[in-house]
A.B. asks: 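Have a look at the structure that comes next, please.
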Amino acid sequence: MSPHTTNGVSINEDAENTYFQTNPSPKALTKHQALALEFIQYHLENAPDRRIVLVTSGGTTVPLENQTVRFIDNFSAGTRGATSAEYFLQEGYAVIFLHRQFSLLPYSRHYSHSTNCFLDFMEESEDGERVVVRKEYQEKMRRVLQQYQYAKNNRLLLLLPFTTVIEYMFELRSLATLMQPIGSRALFYLAAAVSDFFIPRDRMEEHKIQSREGRGGSGRQLVINLDPVPKFLSNLVHSWAPKGSMIVSFKLETDPSLLVSKAEQALDRYQHDLVIGNMLMTRKWEVVFISRDGGERWIRVPKTRRSKSFSGIEALVGKAERKPDSEPVDLEGG
Ligand SMILES: CC(C)(COP(=O)(O)O)[C@@H](O)C(=O)NCCC(=O)N[C@@H](CSSC[C@H](N)C(=O)O)C(=O)O
């Protein structure tokens with residue numbers, strides 16, 4: 001479905017040009033482009049058959065002031081992206097991990113500063129000479145450390161941060177374009193929670209918005225007027241991404257009655273390969289795959305395995321037996 005056009009330029013391209021011309025390019029973009037180019041060229045030269053996946057992860061922000069004190073955030077801890085990146089690495093992919101700055105990262109997510117503070121896994125040795133990992137955690141930490149070191153030493157993981165939705169859009173367009181030489185060995189796995197609305201630069205306050213005293217001493221109301229973020233997925237599918245690459249997006253809903261239809265609408269609108277639908281409250285243990293062959297395939301983690309520390313659906317998706325699309329797949333075993 002090609003976008004309709006005015007004066008020969010597709011509406012998407014028109015919106016794209018306006019968006020990228022009227023918003024500032026991220027300060028780190030040139031550096032990230034150089035890192036990504038080197039990463040891609042390294043694998044093209046040393047492992048030409050290796051697949052490369054761009055995983056996006058974490059939530060984008062919409063600043064309210066140019067010198068940002070306040071911003072609107074999109075929910076995402078980065079668990080989906082970071083966990084999935086580990087499984088892609090395990091499957092032999094090279095991973096470009098475009099992530100919200102300070103959100104969870106592959107491997108270190110197991111010992112993150114907030115949920116699993118690494119200091120809780122350490123103690124002083126009996127002779128008081130050294131700090132060591134407590135015995136009960138050594139095996140698992142060794143496995144994670146070995147996987148992390150393997151990825152790092154073989155240059156299989158490139159970590160690139162973003163914060164705002166504008167940074168995200170510039171980075172995504174730039175990385176997709178740089179990935180074009182990879183062709184059909186490129187995969188896009190869009191797990192980032194992307195803002196749908198933003199404040200254009202020319203309407204943004206420069207300094208911190210003052211909560212001036214209103215009548216009777218109460219603060220005045222703050223009215224925020226947001227514009228829609230251009231629907232970038234169409235541009236990714238039709239012009240930025242390499243021909244023959246695979247594009248997977250995620251659809252997040254909170255109303256179960258909307259999830260499948262909205263995912264189907266996204267797939268129909270953007271004509272990419274797969275939409276993985278998930279509900280905010282159940283995202284860690286059930287997803288629905290909506291694919292181009294009209295399939296709606298639920299994948300669920302059995303109740304017995306839905307522990308808080310469980311790394312999520314990704315750990316088991318690979319083990320889902322092929323069942324008729326209509327039947328949800330309950331994943332037994334681990
Ligand atoms: C964010 C989560 C739920 C993971 O959570 P954590 O594990 O805590 O990180 C992820 O699974 C997800 O649904 N990500 C996608 C969420 C999202 O924003 N999806 C967009 C589609 S991608 S944004 C595309 C843009 N709006 C367009 O239409 O072009 C949507 O639902 O609309």
Side-chain angles (χ1 to χ4, degrees), residues 1 3 11-13 15-16 19 54-62 72-87 97-106 109-110 112 114-115 162 164-166 168-169 171-173 176 188-198 226-241 247-256 258-290 299 301 306 308-315 317:
M1 176 188 75
I11 294 293
N12 290 325
E13 273 171 43
E16 174 186 339
Y19 184 83
L54 171 63
V55 176
T56 69
S57 180
T60 63
T61 68
V62 172
I72 300 171
D73 205 348
N74 261 48
F75 167 82
S76 172
T79 311
R80 175 82 76 213
T83 307
S84 301
E86 289 178 25
Y87 284 96
F97 192 65
L98 180 63
H99 64 284
R100 166 69 179 279
Q101 191 175 35
F102 309 130
S103 67
L104 292 174
L105 296 175
R109 72 179 176 90
H110 298 276
S112 72
S114 53
T115 45
F162 64 81
T164 70
V165 63
I166 291 175
Y168 175 85
M169 301 289 257
E171 296 276 359
L172 181 68
R173 181 177 71 158
F188 295 83
Y189 185 88
L190 307 174
V194 183
S195 321
D196 283 317
F197 304 98
F198 80 116
L226 301 174
D227 282 7
V229 170
K231 295 296 179 195
F232 72 87
L233 224 38
S234 171
N235 303 66
L236 178 70
V237 173
H238 297 294
S239 61
W240 304 344
I247 299 176
V248 179
S249 71
F250 278 77
K251 176 53 74 182
L252 173 63
E253 292 298 340
T254 53
D255 177 347
L258 294 178
L259 184 61
V260 172
S261 57
K262 296 278 271 183
E264 286 169 341
Q265 281 167 29
L267 195 64
D268 184 48
R269 176 175 190 173
Y270 300 117
Q271 295 293 301
H272 53 309
D273 300 284
L274 178 68
V275 177
I276 303 179
N278 57 173
M279 298 289 296
L280 183 64
M281 300 311 284
T282 62
R283 70 187 189 282
K284 283 194 181 294
W285 50 267
E286 70 173 358
V287 293
V288 58
F289 280 27
I290 304 290
I299 297 182
V301 174
R306 292 174 193 172
K308 216 167 73 60
S309 62
F310 190 72
S311 64
I313 196 81
E314 294 76 7
V317 165

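Counting starts at 1 for both ligands and their atoms, in listed order. Along the sequence shown, the residues carry numbers beginning at 1.
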A.B. asks: Ring centres of Y87 and Y189 under 6.0 Å apart?
C.D. replies: no
A.B. asks: The criterion is ring pair (Phe, Tyr, Trp, His ring centres under 6.0 Å); which residues satisfy it with F188, sequence neighbours excluded?
C.D. replies: none
A.B. asks: If I take atom CZ from residue F162 and atom OG from residue S103, how far apart are they, to the nearest 0.5 angstrom?
C.D. replies: 6.5 Å
A.B. asks: What class does the angle between the rings of Y168 and F232 fall in, given that below 30° is parallel, 30 to 60° is tilted and above 60° is perpendicular?
C.D. replies: perpendicular
A.B. asks: Any side-chain heavy atom of F250 sitting closer than 4.5 Å to one from L190?
C.D. replies: no
A.B. asks: So how far is it from K251 NZ to Q265 CD, rounded to the nearest 0.5 Å?
C.D. replies: 8.0 Å
A.B. asks: Under a 4.0 Å heavy-atom cut-off, what residues line ligand 1?
C.D. replies: F75, S76, A77, G78, T79, R80, A191, A192, A193, V194, D196, K231, F232, L233, F250, K251, L252, Y270, N278, R283
